[in-house]
Amino acid sequence: MIGTLVNTAAVVGGGMIGLLLKKRMPERVTSIYFQAIGLFTLAIGASMAVEMKKILIVVSSLAIGSLLGEWCDLEKRAERMSDSLKSRFHIGSEKFSEGLVTAFLLFCVGSMTILDTIQEGTGGSPDLLFTKSLMDFFSAILLASAFGMGVVFSALPLFVFQASITLLAGYAGSFFNDDIILGITSVGGILLIGLGINILGIKKLRIMNMLPSLVIIVLLIWLFG
């Protein structure tokens with residue numbers, strides 16, 4: 001679990017540095033910076049989705065997960081939670097939710113994250129997670145300087161996600177086979193493409209309501225993969 005703790009601290013530390021940089025950025029620079037972040041997010045998402053297999057299962061996961069998220073109205077719940085946190089901590093960022101979701105997906109849904117946490121959970125060295133922590137530290141600086149405090153708060157779901165995989169791997173490491181890892185990465189990549197579209201202002205997609213797809217893909221591959 002030490003690797004996940006270090007990773008969480010790296011995101012918080014990088015995010016705080018990014019917040020300091022954000023205050024010094026004029027609006028003109030912020031605008032072009034958001035465009036660059038949007039293109040970067042699209043590129044990362046495409047690179048994750050390009051190796052997609054079991055396309056029918058992936059499409060089914062997105063459809064079922066999106067319907068489930070829409071039924072629960074996760075987007076609305078997240079907005080209410082964001083408003084509550086912003087009020088409690090006097091946060092002025094307009095993109096709190098977008099920053100939190102973008103950072104969480106970038107930090108957590110790649111195959112590197114899953115493989116590294118499985119390695120630590122099965123008794124291996126946390127060295128790979130230390131390397132990931134360094135990468136996430138610098139990424140958090142860039143993201144927080146664009147999105148603000150939401151990136152810092154993404155450390156919480158990051159910790160829960162990675163700690164859960166680490167603990168599960170300790171009991172059933174073989175559960176996370178190559179198909180499940182690739183499935184999570186593929187769905188995560190598609191969601192990141194959607195986030196990139198949102199960041200660029202092309203169209204507003206309710207990505208938060210699609211997040212259950214990350215759970216559904218695991219269940220479908222486990223049942224039918």
Taking the side chain as every heavy atom from C-beta outward, state whether [X] and [Y] have any atom pair closer than 4.5 Å.
X: S154; Y: V101; value: no
X: L67; Y: E70; value: no
X: L74; Y: L68; value: no
X: I44; Y: M48; value: yes
X: V58; Y: I190; value: yes

Applying side-chain contact (heavy atoms from CB on, under 4.5 Å) to V11 and F137, what does each step give before you reach the verdict?
CA-CA 5 Å; V11 169; F137 173 77; over 6 Å; no
Nearest 0.5 Å, please: how far is [atom2] in [Y] from [atom1] in [X]?
X: L211; Y: I216; atom1: CG; atom2: CD1; value: 12.0 Å
X: N198; Y: L200; atom1: CG; atom2: CG; value: 9.0 Å
X: F130; Y: L128; atom1: CZ; atom2: CG; value: 10.5 Å
X: D179; Y: I184; atom1: CG; atom2: CD1; value: 11.5 Å
X: I64; Y: L219; atom1: CD1; atom2: CG; value: 9.5 Å
X: T185; Y: I114; atom1: OG1; atom2: CD1; value: 5.0 Å

[X]-[Y] co-clustered via ILVMFWY side chain contacts under 4.5 Å:
X: I221; Y: V59; answer: yes
X: I181; Y: L129; answer: no
X: I199; Y: M208; answer: yes
X: L192; Y: F34; answer: yes
X: L142; Y: I17; answer: no

Quick check: does any side chain N or O of [X] sit under 3.5 Å from a backbone N or O of [Y], one acting as donor and the other as acceptor?
X: S213; Y: S61; result: yes
X: N209; Y: E75; result: yes
X: E98; Y: F147; result: no
X: K22; Y: G148; result: no
X: E120; Y: I2; result: yes

Does the pair L106 and S139 meet the rule for a side-chain contact (heavy atoms from CB on, under 4.5 Å), with working shown?
CA-CA 9 Å; L106 283 172; S139 296; over 6 Å; no
So for atom CZ, which belongs to F40, do other residues, nucleotides or ligands contribute more than 12 heavy atoms lying within a distance under 6.0 Å?
no
Would you name the heavy atoms of [X] and [Y] that are closest together and state the gap between them?
X: S60; Y: L220; value: CB-CD1, 4.0 Å
X: A49; Y: S186; value: CB-O, 4.1 Å
X: A10; Y: S133; value: CB-O, 3.4 Å
X: V151; Y: A140; value: CG1-O, 4.0 Å

Taking 4.0 angstrom as the limit, do D73 and R77 come out as a salt bridge?
no
Test K203 against L205 for side-chain contact (heavy atoms from CB on, under 4.5 Å), laying out the working first.
CA-CA 6 Å; K203 184 176 178 62; L205 303 177; 4.1 Å; yes
Give a yes or no on whether the ring-centroid distance for F161 and F107 is below 6.0 angstrom.
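Between F107 and F161, which both carry aromatic rings, the centre distance is not below 6.0 Å.
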side-chain contact (heavy atoms from CB on, under 4.5 Å) evaluation trace for L42 with I197:
CA-CA 7 Å; L42 281 174; I197 291 172; 4.2 Å; yes
Result of checking L191, L214, I217 against L62 for side-chain contact (heavy atoms from CB on, under 4.5 Å)
L191
Picking from T4, D116, N7, what satisfies side-chain hydrogen bond (donor to acceptor under 3.5 Å, both in side chains) with K132?
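The option that passes is N7.
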